[in-house]
Amino acid sequence: MSEKEDKFKFLRDALDERRASHRLRELKPLAFEFGGVNIKFNGQSYINFSSNDYLGLRHHPLLIQRAKEYADKYGVGSGASRLVTGTLTIHSELEKKLADVFGTEAALLFNSGYQANTTVLPALADRNSLILADKKVHNSLIQGALLSNATFKRFKHNKLDHLEKLLQEASESSYNRIWIVTETVFSMDGDRSDLASITQLAEQFNALLYIDDAHGLGVLGKNGLGLSDEHHGIDIRLGAFGKAFGGSGAFVACSEEMKQYLINYASGFIYSTAMSPTVIGALDAALELIPSMNKERADLHDHIEYFRNEVETLGWETGASNSAIIPMIVGEEEETLSLSNYLLENGLWVSAIRPPTVEKGASRIRITLTTKHTKAHIDQLLKALGAWKKR
Ligand SMILES: *Cc1c(COP(=O)(O)O)cnc(C)c1O
């Protein structure tokens with residue numbers, strides 16, 4: 001009798017391959033200083049330069065207090081999906097407040113930004129549609145586009161003449177609709193898209209427009225309402241609560257009709273348990289705080305400018321970054337890894353971003369700054385980056 005084949009060999013092979021190419025991903029459980037930027041891993045202390053909690057809200061007393069209050073009043077779970085019995089008054093109230101604050105007819109909650117992007121796009125496009133997405137959009141938007149079965153084309157990053165060319169070509173085809181999909185702030189480069197021109201192109205070609213504002217929200221735009229807030233003609237505005245909002249989940253701001261459509265057709269909305277009341281409480285408080293945090297935002301932007309100027313003076317290339325996300329482009333993977341190890345040895349926690357997340361030869365160290373960093377924290381990072389250049 002022949003021996004049975006090892007049915008788990010594929011797992012080992014795949015992991016070995018990752019290990020051999022130094023690309024194995026691993027979870028690193030951290031301890032941290034409450035309310036601050038210091039984290040601890042394996043007994044070592046680090047300054048965290050790798051968090052999206054831009055305004056430090058995840059430890060804010062008001063968010064915590066309201067989360068507790070909502071837990072006391074409504075429990076920790078919502079008990080069902082939204083269309084069954086999971087829509088509590090607090091879900092509807094938060095949606096109403098979001099629509100008011102963001103100046104749209106309606107808003108709809110989702111359990112995560114990833115979930116929203118992977119379910120909203122498939123609900124809005126089908127095999128007869130065309131989706132044109134920026135080359136550098138977030139993985140969740142790519143997955144959503146693929147799931148939709150639409151014809152899916154990418155335009156060169158922020159190259160709107162390329163987008164226009166694709167729109168021109170599409171206008172001679174018989175797509176039932178065309179979606180343009182992009183972000184306000186790109187998560188690996190920290191650069192921005194030209195929303196004024198994109199909204200104009202959408203208008204000109206009668207295309208629909210889907211804008212992911214995950215990294216702009218809370219940080220950019222008037223009163224921190226994101227960059228999408230400054231433009232008309234955006235049909236779907238996606239905001240993620242896991243970043244500057246300090247919680248988790250996401251929302252889509254849109255027309256009332258669009259909302260009703262998504263409630264009926266977005267399977268990731270329909271077949272998923274409604275957001276926890278605890279989280280709703282925290283988000284309710286965050287929504288109250290964010291528009292009033294102009295002072296914190298101004299300080300953050302001062303820090304960003306200071307860091308970018310200094311790091312460029314030290315000879316680092318930061319690309320077109322224009323946000324709290326600042327990449328330092330190193331180039332080769334090995335060099336990037338050894339820099340990230342050097343920074344770790346110096347108590348600085350940063351992310352090394354390598355292919356396939358970015359293209360080959362564009363490996364980088366990605367820094368994010370938050371309101372919780374002080375000038376002293378930033379100077380410590382600059383000092384280490386300067387020393388590395390001189391070594
Ligand atoms: C973080 C992020 C998401 C995913 O949001 P989650 O709520 O973390 O799932 C989607 N789009 C962009 C651009 C993001 O940066």
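First listed ligand is number 1; within each ligand, the first listed atom is number 1.
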Quiz item: Once the angle between the rings of W179 and Y210 is folded into 0 to 90°, is it parallel (under 30°), tilted (30 to 60°) or perpendicular (over 60°)?
Solution: perpendicular
Self-check item: Pairing of K97 and D100 as salt bridge, 4.0 angstrom limit
Solution: no
Under 3.5 Å: N or O atoms of ligand 1 paired with protein N or O:
from: ligand 1; atom 1: 7 (O); to: G113; atom 2: N; distance (Å): 2.7
from: ligand 1; atom 1: 9 (O); to: G113; atom 2: N; distance (Å): 3.2
from: ligand 1; atom 1: 9 (O); to: Y114; atom 2: N; distance (Å): 2.9
from: ligand 1; atom 1: 11 (N); to: D212; atom 2: OD2; distance (Å): 2.6
from: ligand 1; atom 1: 15 (O); to: H215; atom 2: NE2; distance (Å): 2.8
from: ligand 1; atom 1: 15 (O); to: K243; atom 2: NZ; distance (Å): 2.7

Practice problem: Not counting sequence neighbours, which residues clear side-chain contact (heavy atoms from CB on, under 4.5 Å) with K136? List them please. | Solution: D134, H157, F186, D189, E359
Practice problem: Begin with the C-alpha distance, continue with both residues' side-chain angles, and end with the deciding distance and a verdict on ring pair (Phe, Tyr, Trp, His ring centres under 6.0 Å) for H60 and F245. | Solution: CA-CA 10 Å; H60 194 286; F245 267 74; over 10 Å; no
Self-check item: Test side-chain contact (heavy atoms from CB on, under 4.5 Å) applied to K375 - qualifying residues, sequence neighbours left out
Solution: H303, Y306, D379
Quiz prompt | Listed partners of S112 passing side-chain contact (heavy atoms from CB on, under 4.5 Å), at least two apart | solution = Y114, Q115
